[in-house]
Chemist: 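Pasting a structure below so you can have a look.
Numbering starts at 1 and runs along the sequence shown.
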Amino acid sequence: MKLAFVLFSYFPYGGLQRDLMRLLAACREAGDQVSVYAMQWQGERPQGVEINLFPGTAFSRTGKRKSFVAYVLAQKEAKKPDALIGFNKMPGLDYYYAADSCFAEKAYEQRNFFYRLAPRSRQYLEFEKQVFDEPGRTRIFFIAPGQKNSFQSYYRLAPERCIELPPGIEKNRRADESAQTLRNDCRRDFGFSEQEFVILQIGSGFAIKGVDRSLRAIAALPVELREKTRFMLVGQDKPAPYLKLAKKLGIADKLSIHPGRDDIPRLLQGADMLLHPAYRESAGMVILEAIVAGLPVLATDTCGYAFHVTQAGAGLVCASPFKQARLDEMLETMLNSRERSRWREQGIAYGRREDLYDMPARVVEIIHGDHQARHESQ
């Protein structure tokens, strides 16, 4: 098959971008001819994949997105791929991989009237409507249970268009016989002693990931516990606001910020817990990665994959409506708990028995099956 993928921006280590790369690899393995359309591309380009960068310019971001969509649809008409798969919402998609949350829900339930009047908001609402509302033909890949409900509250979404996928984390995240060696290497390289508690947070886009919440929770720890705690933040974003907040809270010496990295399995073994108090997150793949690595998790229930923490018995989930004092209390509880070894063991066992790895193969299977069904009906 000839498959075309489209997204606004590619950069290494983003969750959506990592999912794209895994899907590209699965399609190539299936023998498909694969191309990607994007406005921006940072980092290495995958072998055997045609990368098409938008050649146009515009005076505004909304104008550029509009022109980019027109460009992609023109390329679709000219090159006639068997399927156009979008990783951002836009008109003309055959499939949409729902890595982003419902924008209408955010605009109408979390923002005011003037926010919805802004050009960016109006464009995003229109693009989302083009994907989800009836009459529509785009099939939707939902990546977390319950995700579909948010969209169905705002759009007439026919059930036959909805596809719920299993997670698709990489198997190298699972703890194995190398776990202790990885832990020792990580803590030595970063200068963490075994007497310190290392709290890890991974994710690009620090604002939406709730890094401010993490810093406040660490600052609220009792003095003795806070003194032996280190906070390691890994991801792509501007660090200055968070360094400033850490200084204001008196914990600048406890924080280290690192750009996206390739040695995530080592970090997951080197840390003592994962903190992920995101404001909202369609999935939160790092939550599952931590669970199967045996790293206890504290996450907010606004993350699509937070239910896995409870289901696995691998940590705690902070319920909505969010209260900072509750997160503070839960962080202290987890650091002091004798349950950490049990949370670790139960997470590792969960990773061995559950289907958490097959998303790319499932997507390829569905796209190929739809194509064959269309061919047979002609």
Side-chain angles (χ1 to χ4, degrees), residues 173-188 190-202 210 213-234 251 253-256 264-278 284 286-301 303 305-320 322-354 356:
R173 270 45 175 172
R174 294 185 297 189
D176 58 22
E177 62 278 358
S178 67
Q180 188 60 51
T181 299
L182 290 175
R183 178 177 177 82
N184 294 343
D185 289 349
C186 177
R187 294 180 83 94
R188 182 191 65 244
F190 287 99
F192 302 142
S193 74
E194 279 301 324
Q195 288 70 47
E196 291 178 304
F197 291 119
V198 178
I199 298 172
L200 177 66
Q201 184 164 1
I202 300 174
R213 293 172 169 180
S214 298
L215 292 169
R216 290 188 172 92
I218 292 167
L221 291 171
V223 174
E224 185 177 349
L225 184 56
R226 188 173 67 238
E227 284 303 309
K228 57 181 180 180
T229 297
R230 302 282 292 274
F231 180 38
M232 186 176 187
L233 175 60
V234 179
I251 57 169
D253 61 327
K254 303 300 177 186
L255 170 66
S256 61
I264 298 303
R266 192 170 72 122
L267 302 184
L268 294 173
Q269 295 304 327
D272 295 295
M273 66 170 288
L274 180 85
L275 183 55
H276 196 80
V286 70
I287 294 171
L288 269 179
E289 293 178 326
I291 289 172
V292 305
L295 184 63
V297 177
L298 173 55
T300 44
D301 67 354
C303 302
Y305 284 164
F307 77 94
H308 286 287
V309 179
T310 304
Q311 197 164 285
L316 300 177
V317 176
C318 187
S320 297
F322 176 81
K323 294 182 179 179
Q324 184 68 49
R326 178 60 177 151
L327 183 72
D328 300 349
E329 178 187 339
M330 295 176 83
L331 178 61
E332 181 183 350
T333 296
M334 287 194 69
L335 291 177
N336 284 325
S337 179
R338 296 180 179 178
E339 297 290 300
R340 289 203 308 274
S341 60
R342 185 169 68 88
W343 288 329
R344 175 177 173 79
E345 291 167 4
Q346 290 178 163
I348 292 171
Y350 190 74
R352 290 172 178 163
R353 71 174 183 265
E354 298 293 324
L356 306 174

Chemist: If I take atom CZ from residue Arg266 and atom CG from residue Leu268, how far apart are they, to the nearest 0.5 angstrom?
Modeler: 11.5 Å
Chemist: On a heavy-atom basis, which atom in Ser214 and which in Gln201 lie closest, and how many Å separate them?
Modeler: OG-OE1, 2.6 Å
Chemist: Please report the shortest heavy-atom distance between Leu295 and Asp272, naming the atom on each side.
Modeler: CD1-C, 3.3 Å
Chemist: What's the separation between atom CD in Glu289 and atom CG in Leu267, rounded to the nearest 0.5 Å?
Modeler: 11.0 Å
Chemist: Output yes when a side-chain donor or acceptor of Gln269 lies under 3.5 Å from a complementary backbone atom of Leu182, and no otherwise.
Modeler: no
Chemist: Got a donor-acceptor contact below 3.5 angstrom from the Arg226 side chain to the Leu221 backbone?
Modeler: yes
Chemist: Can any side-chain N or O of Arg344 pair as donor or acceptor with the backbone N or O of Ala293 at less than 3.5 Å?
Modeler: yes
Chemist: Applying the salt bridge (charged side-chain N to carboxylate O under 4.0 Å, His left out) test to Asp185, which of Arg183, Arg188, Arg187 qualifies?
Modeler: Arg188
Chemist: Counting only N and O atoms by type, is there a donor-acceptor contact under 3.5 Å from the side chain of Arg340 to the main-chain atoms of Leu335?
Modeler: yes
Chemist: Nearest 0.5 angstrom please: Ile291 CD1 to Arg174 CZ, how far?
Modeler: 14.5 Å
Chemist: What distance separates Ile251 CD1 from Leu215 CG, expressed to the nearest 0.5 Å?
Modeler: 5.0 Å
Chemist: Any idea which heavy atoms bring Phe190 and Arg230 closest together, and the distance?
Modeler: O-NH2, 4.1 Å
Chemist: Quick one: do Phe192 and Met232 satisfy side-chain contact (heavy atoms from CB on, under 4.5 Å)? Show the steps, please.
Modeler: CA-CA 11 Å; Phe192 302 142; Met232 186 176 187; 4.0 Å; yes
Chemist: Taking all heavy atoms of Lys254 and all of Glu227, pick out the closest pair and write down the distance.
Modeler: NZ-O, 2.7 Å
Chemist: Compare all side-chain heavy atoms of His308 with those of Val297 and state whether any distance is below 4.5 angstrom.
Modeler: no
Chemist: Just wondering, do Ile199 and Leu331 contact through their side chains at under 4.5 Å, heavy atoms?
Modeler: yes
Chemist: With a sphere of 6.0 Å drawn around CD of Glu194, does it hold more than 12 non-hydrogen atoms of other residues, nucleotides or ligands?
Modeler: yes
Chemist: How far does CG of Asp301 sit from SG of Cys318, to the nearest 0.5 angstrom?
Modeler: 7.5 Å
Chemist: If every non-hydrogen atom of Gln324 is compared with every non-hydrogen atom of Arg216, which pair is closest and at what distance?
Modeler: NE2-CB, 3.7 Å
Chemist: For a quick test of reading the model, state the closest non-hydrogen atom pair linking Pro222 to Glu332 and the distance between them.
Modeler: CG-OE2, 3.4 Å
Chemist: Kindly state each residue pair satisfying ring pair (Phe, Tyr, Trp, His ring centres under 6.0 Å) with at least one member in residues 322-341, sequence neighbours excluded.
Modeler: none
Chemist: Test salt bridge (Lys or Arg N to Asp or Glu O under 4.0 Å) on Glu345 and Arg342 and set out the steps.
Modeler: CA-CA 5 Å; Glu345 291 167 4; Arg342 185 169 68 88; over 6 Å; no
Chemist: Is the backbone of Ala278 close enough, under 3.5 Å, to the side chain of Thr300 for a donor and an acceptor to pair up by distance?
Modeler: yes
Chemist: Output the distance between atom CE (Met330) and atom CG (Leu298), rounded to the nearest 0.5 Å.
Modeler: 5.5 Å
